[in-house]
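Heads up: the structure comes next, in structure tokens.
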Amino acid sequence: MPAFDIVSEVDQQEVLNAVDNANRELQTRFDFRGVNAEFTLKDKQINMVAEAEFQLQQMLEIFFAKAVKRNLDVRSFKEGDVVHSGKTYCLALSLRQGIETDMAKKLVKLIKDNKLKVQAAIQGDQVRVTGKKRDDLQEAIAAVRAAELEQAFQFTNFRD
């Protein structure tokens, strides 16, 4: 039976490249000259440090622009709260890896509500979709892409 998996993964190397490119742009921008501002990547979290809160928002836009150029979906990053300590402001972006149970249930419900001739099953942090025809699976992929969900999904392991 044809099947595929719905997963939510972020390529760590591409994230590292986006962080490096964003740091390079910070060094060349005129409005960040002489300002203590930087991006750091540790485990699955990107930390941004700046001297003012509006600079953090500019840094966020810079990072998202670099991430989009590297084919990373901005929905793959979860923005934390701005933390003020002393002279610096910090903002943490965490990577969304895997599909949480609530989101997996939403995906299964979405596929069933569209009355497609496929079955969706939750398997850990991914959703496996099986069907009798390849066309039915492609309709399921189109339905998931058309839905406005707050997470980025990839479709892997497509088997005929």
Side-chain angles (χ1 to χ4, degrees), residues 3-111 120 122-129 137-138 140-159:
F4 71 90
D5 295 331
I6 302 173
V7 296
S8 181
E9 297 173 344
V10 179
D11 187 5
Q12 285 289 113
Q13 185 62 44
E14 291 299 328
V15 172
L16 178 63
N17 291 341
V19 168
D20 289 343
N21 288 344
N23 271 327
R24 256 188 246 119
E25 184 170 331
L26 280 183
Q27 293 170 358
T28 60
R29 281 187 51 156
F30 181 76
D31 53 345
F32 281 96
R33 277 242 165 107
V35 175
N36 182 20
E38 69 174 345
F39 293 94
T40 55
L41 176 66
K42 188 173 182 183
D43 295 328
K44 295 180 180 177
Q45 188 167 354
I46 300 163
N47 295 315
M48 298 185 292
V49 179
E51 293 177 356
E53 193 169 350
F54 74 91
Q55 290 173 339
L56 282 178
Q57 294 305 317
Q58 290 176 333
M59 289 174 66
L60 192 62
E61 290 176 15
I62 291 170
F63 176 73
F64 283 160
K66 298 301 179 187
V68 167
K69 283 184 182 178
R70 295 236 155 244
N71 293 326
L72 297 172
D73 197 328
V74 294
R75 294 178 295 176
S76 300
F77 304 101
K78 184 177 181 182
E79 192 175 334
D81 294 329
V82 176
V83 178
H84 175 63
S85 63
K87 289 184 175 181
T88 61
Y89 288 84
C90 301
L91 178 67
L93 285 177
S94 56
L95 300 175
R96 290 184 177 169
Q97 296 276 48
I99 301 174
E100 295 177 2
T101 308
D102 295 337
M103 183 58 70
K105 288 179 182 177
K106 282 183 187 177
L107 281 172
V108 171
K109 184 177 183 327
L110 172 77
I111 291 170
I122 301 171
Q123 294 184 339
D125 61 349
Q126 63 186 15
V127 177
R128 163 103 11 115
V129 181
L137 296 179
Q138 289 174 343
I141 290 173
V144 171
R145 283 193 177 141
E148 291 297 321
L149 300 170
E150 60 268 4
Q151 193 169 355
F153 298 110
Q154 293 83 31
F155 307 98
T156 61
N157 206 13
F158 196 97
R159 284 185 244 147

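Residue numbers start at 1 and run along the sequence shown. The basis for the numbers below is simple: all heavy atoms, side chains too, and nothing from hydrogens, waters or symmetry mates.
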Quick check against the 3.5 Å criterion: does [X] have a side-chain atom that pairs as donor or acceptor with the backbone of [Y]?
| X | Y | value |
| --- | --- | --- |
| Q151 | G98 | yes |
| N23 | F39 | yes |
| R75 | L149 | yes |
| Q45 | A92 | no |
| E51 | N36 | yes |

Is the shortest heavy-atom distance from the side chain of [X] to the side chain of [Y] under 4.5 Å?
| X | Y | answer |
| --- | --- | --- |
| R96 | E150 | yes |
| L60 | F77 | no |
| N157 | R128 | yes |
| Q97 | Q12 | yes |
| I62 | F32 | yes |
| I111 | I6 | yes |

message: Applying side-chain contact (heavy atoms from CB on, under 4.5 Å) to F63 and L72, what does each step give before you reach the verdict?
response: CA-CA 11 Å; F63 176 73; L72 297 172; 5.6 Å; no

Interatomic distance, [X] atom [atom1] to [Y] atom [atom2] [nearest 0.5 angstrom]:
| X | Y | atom1 | atom2 | value |
| --- | --- | --- | --- | --- |
| K106 | L110 | NZ | CG | 11.0 Å |
| Q123 | D125 | CD | CG | 10.5 Å |
| L137 | R159 | CG | CZ | 11.5 Å |
| R33 | L26 | CZ | CG | 12.0 Å |
| E79 | M48 | CD | CE | 6.5 Å |

- prompt: Aromatic rings F4 and F155: how do their planes relate, parallel, tilted or perpendicular, breaks at 30° and 60°?
  reply: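 Answer is perpendicular, since the angle exceeds 60°.
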
query: Which pairs with one or both residues in residues 78-97 pass ring-ring contact (aromatic ring centres under 6.0 Å, His included), sequence neighbours excluded?
result: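 Checked against ring-ring contact (aromatic ring centres under 6.0 Å, His included) - neighbours excluded - the pairs reaching residues 78-97 are H84-Y89.
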
Minimum-distance pair of heavy atoms, taken over all atoms of [X] and [Y]:
| X | Y | result |
| --- | --- | --- |
| V15 | L95 | CG2-CD2, 4.2 Å |
| A152 | S76 | CB-OG, 3.5 Å |
| E38 | M59 | O-CE, 3.4 Å |

task: Kindly indicate, with the supporting measurements, whether the criterion side-chain contact (heavy atoms from CB on, under 4.5 Å) is fulfilled by V127 and V144.
output: CA-CA 12 Å; V127 177; V144 171; over 6 Å; no

